[in-house]
Amino acid sequence: MAEDTTVNTAPEMEPKAAAPKAKGKKGKRIVQAGEVHIQATFNNTIVSVTDKKGEILAASSAGANGFRGSKKGTAYAAQIAAEKVAEIAKRDHGMNSVDVFVKGIGLGRDSAIRAFSTMGISINSITDKTPIPHGGCRPKGERKP
């Protein structure tokens, strides 16, 4: 039997270029004016603060503040959630004026807006973005004699 004297002709592995660094947390930006989006359902209220482009700066909900069950849908829970978000937006981002967009028909609509005004953030406009059907699919069980 002959000895195997083949030489590995594969090219040597070149050292890889430095991998791109993973994106970390962005620094705290100063945003003077922004938007507040309030989604008020019967079961919960979600409040988020964004800049004018729509990038979220802070968010909170009634459930995230310790309210559970049917207490999440109350106006008081929405007020606490809005106060927490307003405090973060004012302290960390220097926000002092907002446009408010409200979606939903829950109890926390008005109290969340009032919480922002009591925290010293001026409200430029309030827009209702609640989806309302006009036309569309036939409601279930409509045709009955």
Side-chain angles (χ1 to χ4, degrees), residues 6-145:
T6 58
V7 178
N8 187 3
T9 59
E12 292 294 321
M13 294 183 72
E14 296 176 13
K16 290 185 178 179
K21 290 183 180 179
K23 287 189 177 180
K25 218 173 180 187
K26 287 185 179 177
K28 299 207 171 151
R29 297 177 300 161
I30 301 301
V31 180
Q32 296 291 326
E35 298 177 349
V36 176
H37 296 269
I38 301 169
Q39 182 177 0
T41 65
F42 289 122
N43 295 323
N44 202 356
T45 302
I46 301 169
V47 182
S48 57
V49 175
T50 67
D51 59 6
K52 290 290 184 182
K53 290 189 237 174
E55 297 174 2
I56 291 186
L57 303 173
S60 184
S61 67
N65 286 305
F67 293 94
R68 289 287 169 240
S70 61
K71 292 179 182 146
K72 288 194 300 185
T74 62
Y76 178 69
Q79 177 185 346
I80 298 298
E83 285 175 356
K84 183 177 179 183
V85 170
E87 195 261 322
I88 291 170
K90 194 168 186 178
R91 181 190 66 214
D92 294 348
H93 303 287
M95 189 166 290
N96 53 23
S97 68
V98 293
D99 296 320
V100 179
F101 296 94
V102 184
K103 185 184 284 188
I105 55 174
L107 298 174
R109 289 169 55 105
D110 298 333
S111 60
I113 295 170
R114 276 195 211 102
F116 271 90
S117 61
T118 58
M119 293 295 287
I121 298 176
S122 66
I123 297 173
N124 298 333
S125 66
I126 300 172
T127 307
D128 191 359
K129 295 289 214 175
T130 304
I132 299 170
H134 46 281
C137 299
R138 179 177 67 85
K140 185 177 178 183
E142 183 179 296
R143 294 180 195 153
K144 290 186 180 176

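Residue numbers count from 1 along this sequence.
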Practice prompt. State which residue, out of D128, T45, V100, fulfils the side chain to side chain contact (heavy atoms under 4.5 Å, CB included) condition with R109.
Written response: D128
Practice prompt. Taking the side chain as every heavy atom from C-beta outward, state whether R29 and L57 have any pair of such atoms under 4.5 Å apart.
Written response: yes
Discussion item. Is any side-chain heavy atom of I123 closer than 4.5 Å to one of V98?
Written reply: yes
Item to complete: Can you tell me which residue pairs pass the side-chain hydrogen bond (donor to acceptor under 3.5 Å, both in side chains) test with a partner in residues 94-103, sequence neighbours excluded?
Response: Q32-N96, K52-D99, D99-S125
Worksheet entry | Worked verdict on I88 versus V85 for side chain to side chain contact (heavy atoms under 4.5 Å, CB included) | CA-CA 5 Å; I88 291 170; V85 170; 5.8 Å; no
Worksheet entry | Aromatic plane relationship, Y76 with F67 - under 30° parallel, 30 to 60° tilted, over 60° perpendicular | perpendicular
Provide the closest heavy-atom pair for [X] versus [Y] in the form atom of the first, atom of the second, distance.
| X | Y | result |
| --- | --- | --- |
| N44 | G63 | OD1-N, 3.5 Å |
| V49 | A89 | CG1-CB, 4.0 Å |
| D51 | E55 | OD1-N, 2.8 Å |
| A62 | A81 | N-CB, 3.9 Å |

How long is the straight-line distance from [atom2] of [Y] back to [atom1] of [X], given to the nearest 0.5 Å?
| X | Y | atom1 | atom2 | value |
| --- | --- | --- | --- | --- |
| L107 | F42 | CG | CZ | 7.5 Å |
| N65 | K71 | CG | NZ | 14.5 Å |
| I121 | M95 | CD1 | CE | 7.0 Å |

Worksheet item: Got a donor-acceptor contact below 3.5 angstrom from the H37 side chain to the E35 backbone?
Response: no
Using residues 110-119 as the side-chain source, report each donor-acceptor pair under 3.5 Å to any protein atom, sequence neighbours left out, with the distance given to one decimal.
{"from": "S111", "atom 1": "OG", "to": "A75", "atom 2": "O", "distance (Å)": "2.9"}
{"from": "S117", "atom 1": "OG", "to": "R114", "atom 2": "O", "distance (Å)": "2.8"}
{"from": "T118", "atom 1": "OG1", "to": "R114", "atom 2": "O", "distance (Å)": "3.3"}
{"from": "T118", "atom 1": "OG1", "to": "A115", "atom 2": "O", "distance (Å)": "2.8"}

